[in-house]
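All values below were derived from every heavy atom in this structure, side-chain atoms included, with hydrogens, water molecules and symmetry-related copies excluded. Here is how names work: the chains are called A, B, and so on, in the same order as the sequence lines, proteins then strands, and each is numbered from 1. Please read all numbers here as calculations on a predicted model, not as lab measurements.
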Amino acid sequence: MPELPEVEVVRRGLERHVAGRTIRAAQVLHPRAVRRHQPGAEDFAAAVRGQVIAGARRRGKYLWLPLASAGAAGVAEDALLVHLGMSGQLLLGEPDRPLSAHVRVRFEFTDLGPDLRFTDQRTFGHLVYARGGAVLPALISHIAPDPLEPTFDEAAVIAKLRARHGTVKAALLDQSLVSGIGNIYADEALWRAKIHWARPGSSLTRPAAARLFAGVREVLAEALAAGGTSFDSLYVNVNGESGYFSRSLAVYGREGKPCPRCGAPVRREKFANRSAYSCPVCQPRPRVRASVRDLRHHST
DNA sequence: CATTTATCCTGTAAGC
DNA sequence: TGCTTACAGGATAAAT
């Protein structure tokens, strides 16, 4: 379940239900699930066997479980890194119950309690054994801090955003600038700040950018409090339950329905092979300003 | 170099 | 009722 609030809901579930438990064995049922683990599926399964899950951490949409060798009583050094992709789930299951169709990797525990099933219909998600990755896996060193982290430097991010010529929405979705925001919360934050998605980052005043990040923090926090957003059974917590933030969405997925602020019908536009939802009144399209090159071209 | 696009998958819903 | 097409919450290598 893709964006930050949904991933955080999963992280909390893992902290509660698998932290402190020892992995007895892992079964890789679909090789694509561990495709980014270079040494291969067998190495992956061997690496996690016998490890104690020391906790559950998250940055943006990435999750990792720090691992400590059983019996060593040592600090965790390695980690199991997880990205849920578009349709990934981490579900608890009773060991004697059959596996559903899209279970890609299963982890069994030495206590013989509920197992953990990485379930992923579209197989965009993946798992990696991250050596030395307990604090922060090297594989995600390019992922910027997310807005809910204490180290998130809003002023610095705003400065970078305002130096960009691409659209403000593309910047919000760029995980190397700020992580955790996906298509839903980008649209919702832009609506809250009354900014059209196609405005160049460089066109935002500092106060407008500050408004935008206030909107980002608010919508992420509210969605998290509601247990995340889900439109269908694909986006659920470790116990298979859906969050209920979808009922609080102002524009995302609501084409033609009234803007909660002004009543105008929500508009949908094409954006990078997907959709951007906005209010045509609250978020007017930027007026197209000819680039320097276009001006030169037309004047001759 | 910054920015955009094409691609990896499966399933569902809408349109004909 | 089929069959085809568009679309879905993401990340990334390749292209521009």
Side-chain angles (χ1 to χ4, degrees), chain A residues 1-10 29-36 38 58-63 81-89 100-104 118-128 137 139-144 146 160-190 197-203 216 219-220 223-224 226-237 242-256 268-277 291 293:
Chain A
M1 349 198 318
E3 307 184 39
L4 185 154
E6 293 76 36
V7 179
E8 174 62 15
V9 166
V10 173
L29 305 170
H30 195 308
R32 243 183 86 76
V34 294
R35 65 191 178 282
R36 293 193 65 198
Q38 299 298 347
R58 182 190 58 72
R59 164 166 282 188
K61 305 171 194 173
Y62 280 90
L63 278 170
L81 180 66
V82 182
H83 194 287
L84 300 172
M86 293 281 262
S87 57
Q89 307 171 311
S100 61
H102 303 300
V103 177
R104 310 305 188 191
F118 177 66
T119 304
D120 188 13
Q121 178 185 100
R122 292 176 69 185
T123 71
F124 285 176
H126 64 271
L127 310 180
V128 176
L139 269 167
I140 61 167
S141 57
H142 63 296
I143 301 296
D146 66 59
K160 287 182 188 168
L161 168 66
R162 296 184 65 234
R164 290 195 174 210
H165 298 139
T167 65
V168 58
K169 178 160 173 172
L172 284 177
L173 296 176
D174 183 345
Q175 306 296 300
S176 69
L177 178 67
V178 49
S179 69
I181 303 167
N183 213 30
I184 293 181
Y185 299 116
D187 282 357
E188 292 297 308
L190 286 163
W197 59 269
R199 296 224 354 231
S202 55
S203 78
V216 165
V219 74
L220 293 179
L224 180 54
T229 297
S230 60
F231 304 125
D232 56 47
S233 60
L234 245 67
Y235 307 98
V236 295
N237 66 17
S242 292
Y244 50 89
F245 191 70
S246 60
R247 72 181 68 167
S248 304
L249 296 175
V251 287
Y252 186 86
R254 294 176 44 82
E255 183 181 18
R268 180 168 81 145
E269 294 165 288
K270 298 261 183 221
F271 164 80
N273 267 328
R274 47 174 64 120
S275 299
Y277 296 90
S291 71
R293 194 177 56 185

With a 4.0 Å cut-off on heavy atoms, is D120(A) in touch with a base, just the backbone sugar-phosphate, or nothing at all? nothing
Find which nucleotide of DNA chain B each of H30(A) and A163(A) is nearest to by heavy atoms, and output the residue with the more 5' nucleotide. A163(A)
Derivation and outcome, salt bridge (Lys or Arg N to Asp or Glu O under 4.0 Å), residues R32(A) and D120(A): CA-CA 10 Å; R32(A) 243 183 86 76; D120(A) 188 13; over 6 Å; no
Nearest to the side chain of Y252(A) - dT10(B), dG10(C), dG9(C)? dG9(C)
For dA13(C) and dT10(B), measure between their C1' atoms and round to the nearest Å. 22 Å
Please verify the inter-ring angle class for F231(A) with Y252(A); under 30° counts as parallel, over 60° as perpendicular, anything in between as tilted. parallel
Check ion pair D146(A)-K61(A) (N to O, under 4.0 angstrom): no
Report the distance from atom CZ of F271(A) to atom P of dT3(B), rounded to the nearest whole Å. 13 Å
Counting any heavy atom closer than 4.0 Å, what does Y62(A) reach on the DNA or RNA strands: base, sugar-phosphate only, or nothing? sugar-phosphate
Under a 3.5 Å cutoff on both atom distances, Watson-Crick or G-U, what's the dot-bracket for DNA chain B ([ ] crossing, | other strand)? .|||||||.|||||||
Does a nitrogen or oxygen in the side chain of R268(A) sit under 4.0 Å from OP1 or OP2 of dA8(C)? yes
Touch class at under 4.0 angstrom, heavy-atom based, for Y185(A) against every strand present: nothing
Is the backbone of Y277(A) close enough, under 3.5 Å, to the side chain of D187(A) for a donor and an acceptor to pair up by distance? yes
Could you tell me whether the phosphate oxygens of dA8(C), OP1 or OP2, come under 4.0 Å of any side-chain nitrogen or oxygen in S275(A)? yes
Rounded to whole Å, CD of E255(A) lies from P of dC7(C) at a distance of 10 Å
dC7(C) phosphate, OP1 or OP2: any side-chain N/O from K270(A) under 4.0 angstrom? yes
Can you tell me the distance, in whole Å, between the CG atom of L234(A) and the C1' atom of dA8(C)? 9 Å
So does H102(A) get a side-chain nitrogen or oxygen closer than 4.0 Å to the phosphate oxygens (OP1/OP2) of dT10(B)? no
Can you tell me how far C1' of dT7(B) sits from CZ of R35(A), to the nearest Å? 12 Å
Rounded to the nearest Å, what distance is computed from the CE atom of residue M86(A) to the C1' atom of nucleotide dT12(C)? 14 Å
With a cut-off of less than 4.0 Å, is there a side-chain N or O of H142(A) near OP1 or OP2 of dT12(C)? yes
Protein-nucleotide distance (H126(A), atom NE2; dA13(C), atom P), rounded to Å: 11 Å
Check: G180(A) main-chain N/O paired with Q175(A) side-chain donor or acceptor under 3.5 Å: yes
I want to confirm an ordering. Mapping Q121(A) and T167(A) to their closest nucleotides on DNA chain B, which one lands closer to the 5' end? T167(A)
Which atom names give the shortest non-hydrogen contact between G85(A) and P2(A), and what distance separates them? O-CG, 3.6 Å
Side chain of R32(A), heavy atoms from C-beta onward: which of dT12(C), dT3(B), dC9(B) has the nearest atom to it? dC9(B)
Using only atom types and a distance under 3.5 Å, with no angle test, would you say the side chain of E3(A) pairs donor to acceptor with the backbone of Y185(A)? yes
Flag, side chain of N183(A) to backbone of S275(A), donor-acceptor distance under 3.5 Å: yes
Would F124(A) pass as stacked on dG10(C), i.e. its ring centre under 5.5 Å from the base's six-membered ring centre and planes under 30° apart? yes
If you check every side-chain atom of E3(A), which of dA11(C), dC9(B), dG9(C) has the closest atom? dG9(C)
Is the shortest side-chain N/O distance from Q175(A) to OP1 or OP2 of dA11(C) below 4.0 Å? yes
Check every atom of dT3(B), dT4(B), dG9(C) against the side chain of A170(A) and return the nucleotide holding the closest atom. dT4(B)
Give one of base, sugar-phosphate or nothing for R274(A), where a contact means two heavy atoms less than 4.0 Å apart. base
Starting from C1' on dT12(B), measure out to CG on D232(A) and report it in whole angstrom. 9 Å
Could you tell me how far apart L173(A) (CG) and dA11(C) (P) are, to the nearest whole angstrom? 9 Å
Tell me whether the side-chain N/O atoms of R36(A) come closer than 4.0 Å to OP1 or OP2 in dA11(C). no
Sub-3.5 Å donor-acceptor pair from the side chain of S230(A) to the main-chain atoms of V236(A), do we have one? no
